Amino acid sequence: MRTKRMNVRSLAALLGIVALLLPAAALAQPTRLEVVVAAVSNDGTQVDAALASLAQSFKRNGLAYTSYKLKHSANLSLSPGKSASIPLGEGEAKVTLVKAGEGGTVTLKLDAPNNAPTFDMTPGGEFIQQVGTIPDGKLFLIIRR
Amino acid sequence: MELRKVQPDDLTLVKRCRDGDKEAFRLLVERYQRKVFAQALGMVKDKDEAMDIAQEAFVKVYKYLGHFKGDSSFYTWLYRIVANLCVDRLRKTTSRSPTSQEYDDAIGRDEMAGAGILSTRLGTNPQKSALRGELAKKMEEALAQIPEKHREILLLRELEGMSYEDLARILKIPKGTVMSRLFHARAKMQRLLADYVGEAQMVEGLGEE
Amino acid sequence: MESACHSYQMLLSAYSDGEASPRERAQVELHLSSCGDCRARVEDLKALAATVSAHLRAQVDEVDFSSFADDVLKRIGPDEPGLVERMRICWAEVMAYHRTAVISSVATAAVTLAIAAPLIWQLATRSAAGQVPQVVLRQMQLENPNIQPVVMDMGDGKTLIMFVDQPAPGAGAATPPVLKATPPTGGDL
């Protein structure tokens, strides 16, 4: 009987330690982000392989663009308070990891030429914003985890 | 200092009518005569007959003011009186096929097509002068050809500028039906006007209903 | 016609009337930003509406209403003294009866609505989002007050912000921003 209770206690203690360590571990590890800049337009029908899923998702949502060209792509690794800049052809955008919260949610701030949104993102999330206008189309910045 | 003259609202006028105030009744008539005539014209398509119905409608209003419960707007009540008179009249004069009313509320094959053709040809602010002659004739023909309920809703929307909510209330149909009915009415009008704007491609891809 | 366009046809009609819901309007504007054909279709709808309206107005304008009210009064004839009075009494009775009926039904409706509305709202927002949002917008700072953000939850955890910055074709110009700069916390977009 006693050993059983002991086991339960040590298990609870272990769980408590793990629970305390988890956020620390999350804070310690920088957050990986993938950023993509895409020129999306009705000029031609070229769809770059890396943008095929974006094209499908746009189409599903009623956007009738025909051409998806990859302009830039990079993998970022950001710690809280750190920023990285993303070239947009003319000008650039800046992405900042404001904080890494519980449950893997991070708060990001994007400084783009037209808009500076702050948003929370969980793993698997994808944030897309128009960051410019090109002939017969638009320039999009995609941030994924 | 001149005080702004405030027009009494419908219910005030109705109350005064009930007390035997003929001037109040005259004000009500003058307020709604154009609407009533337009509605009747939309339904019976003949000007003299529409005029006759419009007058008869107001005679009925006067006679049955006691039946007006005041829980709907006066115009809604008036609208139904006119609609009923038109239906009676049409029943008497023509033997319409009963199915002509109800065949296309489901999302059918109506589509808007020929992107940009109408706007290029008609412009968004057609002058009245442009509406004389051929276009006016074409318009009249087109309006005569679409089903009655489509003509009715177009009239209320384009002439009265009624909101979808008011349309739903007055026609006693759900708001979603207002949306689809207007869409079908317009698609039909576009198709019928296609000849006038002279574009064969407007009918491209359009199925028959 | 593109299949994407096909599904928008009915909405375009409501959109051109300024009668699309905020969500529908966002969807339409998003589509219009990518589709010249549908922008032209919206112009067509406006041209048609304006033409039909001008035509109907012209038809009514041709009619002389100056003696209309007199003609109606002539058809009514002289008053029968008792009638108006009788009608008044009848009306008073009807009102006396209906006033209670109306008040009680309004009260019932209000109570029902008070209970149902939050439930319906929950259902609506849940079904609109489909799933737990993976991106939640906290704040936006627009650099240019003339641009309008269109924020879309694209499903699969994707959120898209687009800007309608060109003089929007027709109705778009007069429509207010689809989303306020700061949505309620935790609101799904």
Side-chain angles (χ1 to χ4, degrees), chain A residues 33 38 40-43 53-68 91 93 98-99 101 103-145, chain C residues 1-8 11-12 24 26-39 131-166 179 181-183 185-189:
Chain A
L33 297 174
V40 176
S41 71
N42 285 320
D43 178 20
S53 74
L54 180 79
Q56 272 186 352
S57 148
F58 269 25
K59 199 165 188 178
R60 241 195 345 264
N61 284 280
L63 284 159
Y65 294 111
T66 52
S67 162
Y68 292 77
V98 179
K99 64 169 192 198
T105 303
V106 294
T107 303
L108 296 169
K109 182 168 193 288
L110 173 69
D111 287 288
N114 43 11
N115 179 24
T118 304
F119 52 94
D120 292 348
M121 190 188 262
T122 59
E126 188 170 318
F127 176 85
I128 311 163
Q129 184 183 296
Q130 182 201 334
V131 287
T133 306
I134 55 170
D136 212 7
K138 305 199 186 301
L139 202 64
F140 289 95
L141 171 64
I142 299 114
I143 302 174
R144 302 193 177 107
R145 284 186 74 188
Chain C
M1 192 184 291
E2 291 283 327
S3 63
C5 301
H6 196 271
S7 59
Y8 278 93
L11 263 186
L12 290 186
E24 290 167 341
Q27 279 175 332
V28 170
E29 275 168 14
L30 211 54
H31 176 71
L32 291 181
S33 71
S34 72
C35 181
D37 275 358
C38 283
R39 281 199 296 272
Q131 61 196 39
V132 181
Q134 285 178 304
V135 176
V136 176
L137 202 59
R138 285 172 168 271
Q139 207 182 4
M140 270 209 268
Q141 291 161 18
L142 293 171
E143 301 293 323
N144 180 348
N146 294 328
I147 60 173
Q148 292 174 24
V150 177
V151 182
M152 286 280 289
D153 174 6
M154 314 246 302
D156 311 332
K158 292 185 177 110
T159 294
L160 167 66
I161 305 182
M162 255 173 100
F163 301 101
V164 184
D165 46 5
Q166 65 270 60
L179 188 94
T182 313
T185 330
D188 33 55
L189 298 165

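These figures come from a predicted structure and were not determined experimentally. Chain naming here is simple, since letters A, B, ... match the order of the sequence lines and numbering starts at 1 in each. Computed over heavy atoms, backbone and side chain alike; hydrogens, waters and symmetry mates excluded.
- Between C:Tyr8 and A:Asn61, the shortest heavy-atom distance links the atoms OH-O, 3.4 Å.
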Give the intermediate values and the outcome of side-chain contact (heavy atoms from CB on, under 4.5 Å) for residues A:Phe119 and C:Thr159. CA-CA 10 Å; A:Phe119 52 94; C:Thr159 294; over 6 Å; no
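- The closest donor-acceptor contact from the side chain of C:Gln139 to the backbone of A:Thr118 lies at 3.5 Å or more, if one exists at all.
- Residue A:Arg60 holds its CZ atom at 6.0 Å from NZ of C:Lys158, rounded to the nearest 0.5 Å.
- Proximity to chain C (any heavy atom under 4.5 Å) is shown, for A:Asn114, by both the backbone and the side chain.
- One distance of note links CZ of A:Phe127 with CG of C:Leu137; it measures 6.0 Å at 0.5 Å rounding.
- Nearest heavy-atom pair across C:Met162 and A:Tyr65 is CE-OH, 3.7 Å.
- Closest of all the heavy-atom pairs between C:Gln134 and A:Gly125 is CB-CA, 3.7 Å.
- Counting heavy-atom pairs closer than 4.5 Å to chain A, the top residue among C:Ser34, C:Cys38, C:Gly36, C:Cys35 is C:Ser34.
- With sequence neighbours excluded, the residues that form a salt bridge (charged side-chain N to carboxylate O under 4.0 Å, His left out) with A:Arg144 are A:Glu34, A:Glu126.
- In plain terms, the two heavy atoms of A:Asp120 and C:Arg138 that are nearest each other are OD1-NE, 2.6 Å.
- Contact check for C:Leu160 versus A:Leu63: side-chain heavy atoms found under the 4.5 Å cut-off.
- The minimum heavy-atom distance between C:Met154 and A:Phe58, with the atom names listed, is CE-CD1, 3.5 Å.
- Annotation: maximal heavy-atom pairing with chain C below 4.5 Å, among A:Gly124, A:Ala116, A:Pro113, A:Ser41, occurs at A:Ala116.
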